[in-house]
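Before any comments, here is the structure.
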Number of protein chains: 2
Amino acid sequence: MSNVRLRDIAEKLGVSVTTVSRALAGYNDVAPGTRQLVLQTAREMGYYPNLTARHLQRRRTDTIGLVVDVTGPRFSDPLFSELLAGVGNQAAREGFDLFVATTLPNTEDELQAYRRLVRGRRVDGIIVVRTRVADRRVQFLLDHQFPFITFGRSTLADHLSWVDVDGEQGVRLVVERLIAAGHRHIAMLQPDLPFMFALFRERGYRHALQAHGLTVEQGWIVHQPLTEDGGYQGMRRLLQLPVPPTAVVASNDQMAIGAIRASEICLLPALSLEGYSTCEIRKYR
Amino acid sequence: MSNVRLRDIAEKLGVSVTTVSRALAGYNDVAPGTRQLVLQTAREMGYYPNLTARHLQRRRTDTIGLVVDVTGPRFSDPLFSELLAGVGNQAAREGFDLFVATTLPNTEDELQAYRRLVRGRRVDGIIVVRTRVADRRVQFLLDHQFPFITFGRSTLADHLSWVDVDGEQGVRLVVERLIAAGHRHIAMLQPDLPFMFALFRERGYRHALQAHGLTVEQGWIVHQPLTEDGGYQGMRRLLQLPVPPTAVVASNDQMAIGAIRASEICLLPALSLEGYSTCEIRKYR
DNA sequence: GTGAAAGCGCTAACAG
DNA sequence: CTGTTAGCGCTTTCAC
């Protein structure tokens, strides 16, 4: 029942492996009778093709590679769950499998993971998530002329295929909402790595303030890891400023939650609500 | 530079493919001189083994399969990000790759995904996440005698390998905390599918109430999808009860967030805090 | 319509 | 120590 090969079907039927292969593949140069026989026998014997063998012969794996950033050996942005659901779902619809690796961003391990996918011919193409300034992964893939697309823009080659959200516009909307709510001291929790999205968002932040005649004070842009603790630490630092902000825009849900936690401790619940609202940034996309 | 095979190295050096293979694999039946030569040439030519070919020949893929539940084509529990980071990290350490598929739980698609992994010999073993009562996936894997472990216990065979958290104890702690805080009307937001974890948690819930002489009123256990909207809807229903609860235990972060949202609308912020605290359930594990 | 033969790139048993 | 031989299971010319 479980390890049936083309050969087994062929022998049982007294035909050649080639014929079985062709019948199963749906080629039309097989006699209708033979085809029926093969199809039925295959079903009876519980045939299922060995995908590895097929991949080797076809020189393609029908698999897409996805390397996701983790913030620690056991933590990663919850956002990736959604990403994975979206990508996985669509890939399945198109008949593709998904190969996933997890590594710390900007490390040698990360590049190693890409090398494995590309050089080991493990996948046919790659999705690069959360691009960074001077992204080594993008450079690597360009160097190898390997098919890939990025989620996020890139500084390296503007001719590559990418998908992105308008973070500049998103943060501008957030900041304007805060301004409309009466805030004048608005801070920003940025990541500690040079992610591309941070550039655009900072631009939106500055433009929004500027457009309303507000200035960005010293210390209002804090760089921290994209974690709850990063948000917590960043918020603490903000609250110790001579002129602490009354609202803050965080880079992701986790930082926002950390920021809320820090602000609750300081008995400034107003802050927490504003911080939390930035969780919705991706809904503005 | 990029599609070098063992044969290319062999021809360049005038030795056999076998020798190259063995030298690279580190077998000790290769002359030190030859080995050096092979190693160096391989490096120079940028050799990297074709993993597919290796897998076919070795009849193992060094890959672990992971099928994660999604709650919709584009949504999935943020918890899976952490799961993925943990599994991915450890798998990499042990020299294993990760194959990930996403499907809706308890559907034909889901079983199809498992069939692909198992029958297509795409992976060497599988991790089943979030077991359910009478889990068809577990049954399938048992039927095929395929190596797997489950995250979550199972009703099907208690001799299989599993890892689990003590949800009964976790929820008991949560409920006792609520009782200690003065609550007497404590409700529970349960999933709408027969996940195993729900059984244990409900047991913990009932035991805790019972131990304090409290009874579970009609309608206090609400079944909803494990989503923010599920939590929202469930909470709304709870708030419409003749005797609405003053605290609620949610099944996951998303339901808790939805519950908070529903309770805020009803101007019962006290509820939201209690609901939120259940986000920490997994920290009690 | 069907089969024989070749080969994807690698590993392993077996001689020598 | 090294090479020859024989596959892994599948697809794909190319004859017949």
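Remember, it's a predicted structure, so these values are computed and weren't measured experimentally. Just so it is clear: chains get the letters A, B, ... in the order the sequence lines come, proteins before strands, and each one is counted from 1.
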Between [Y] and [X], do the side chains contain a donor N or O and an acceptor N or O under 3.5 Å apart?
{"X": "B:Ser16", "Y": "B:Thr19", "value": "yes"}
{"X": "A:Thr52", "Y": "B:Arg54", "value": "no"}
{"X": "B:Gln40", "Y": "B:Gln36", "value": "no"}

CA sep, side-chain torsions, deciding dist, call: A:Arg132, A:Glu110, salt bridge (charged side-chain N to carboxylate O under 4.0 Å, His left out) = CA-CA 13 Å; A:Arg132 305 188 280 267; A:Glu110 179 182 53; 2.5 Å; yes
Taken in chain and number order and not counting sequence neighbours, the residues that satisfy salt bridge (Lys or Arg N to Asp or Glu O under 4.0 Å) with B:Asp8 are B:Arg5
Counterpart residues, salt bridge (Lys or Arg N to Asp or Glu O under 4.0 Å), relative to A:Asp229 (two or more places apart) = none
Euclidean distance, atom [atom1] of residue [X] to atom [atom2] of [N] [Å, nearest integer]:
{"X": "B:Asn3", "N": "C:dC8", "atom1": "CG", "atom2": "P", "result": "12 Å"}
{"X": "A:Arg7", "N": "C:dG3", "atom1": "CZ", "atom2": "P", "result": "15 Å"}
{"X": "B:Asp62", "N": "C:dT11", "atom1": "CG", "atom2": "C1'", "result": "14 Å"}
{"X": "A:Arg58", "N": "C:dG9", "atom1": "CZ", "atom2": "P", "result": "16 Å"}
{"X": "B:Ile9", "N": "C:dG9", "atom1": "CD1", "atom2": "P", "result": "13 Å"}

Angle, rounded to 10°, between the helical axes spanning five pairs at each terminus of the helix from C:dG1-D:dC16 to C:dG16-D:dC1?
-> 40°
For [X] and [N], is the shortest distance between a side-chain N/O and OP1 or OP2 below 4.0 Å?
{"X": "A:Thr19", "N": "C:dT2", "answer": "no"}
{"X": "B:Tyr48", "N": "C:dG9", "answer": "no"}
{"X": "A:Arg59", "N": "C:dC8", "answer": "no"}

Please evaluate the base of C:dG7 for a donor-acceptor partner in the side chain of A:Gln57 within a cut-off of under 3.5 Å?
-> yes
Along DNA chain D (nearest heavy atom to each residue), the more 5'-positioned of A:Ser21 and B:Val30 = B:Val30
Looking across every strand, which nucleic acid part, if any, lies under 4.0 Å from A:Val17 by heavy atom: base, sugar-phosphate, or nothing?
-> base
For nucleotides 13-16 of chain C, which of its nitrogen or oxygen atoms have a protein nitrogen or oxygen under 3.5 Å away, and what is each distance?
none

Heavy-atom neighbours of B:Gln145 CD exceed 12 at 6.0 Å = no
Mind checking which nucleotides bracket the chain A contacts on DNA chain D, 5' to 3', with an atom under 4.0 Å from a heavy atom?
-> D:dG9 to D:dC14
Checking salt bridge (charged side-chain N to carboxylate O under 4.0 Å, His left out) for the pair A:Arg115/A:Glu108: CA distance, chi angles, key distance, verdict?
-> CA-CA 11 Å; A:Arg115 217 182 321 265; A:Glu108 187 47 45; 3.3 Å; yes
Test side chain to side chain contact (heavy atoms under 4.5 Å, CB included), reference A:Ile126, set A:Leu66, A:Val118, A:Thr150, A:Ile149, output is A:Val118
From A:Tyr114, A:Phe146, A:Phe148, residue fulfilling side chain to side chain contact (heavy atoms under 4.5 Å, CB included) relative to A:Phe140 | A:Tyr114
Residue among A:Glu202, A:Arg201, A:His223 satisfying side-chain hydrogen bond (donor to acceptor under 3.5 Å, both in side chains) with A:Gln190 = A:Glu202
B:Asp69 side chain vs B:Leu104 backbone, donor-acceptor pair below 3.5 Å = no
Close residues, residues 49-56 of chain A, relative to DNA chain D [heavy-atom separation under 4.0 Å] = A:Pro49, A:Asn50, A:Ala53, A:Arg54
When every non-hydrogen atom of A:Tyr48 is compared with those of B:Arg119, the smallest separation belongs to CG-CB, 3.3 Å
Quick check, are the ring centers of B:Phe197 and B:Phe195 under 6.0 angstrom apart?
-> yes
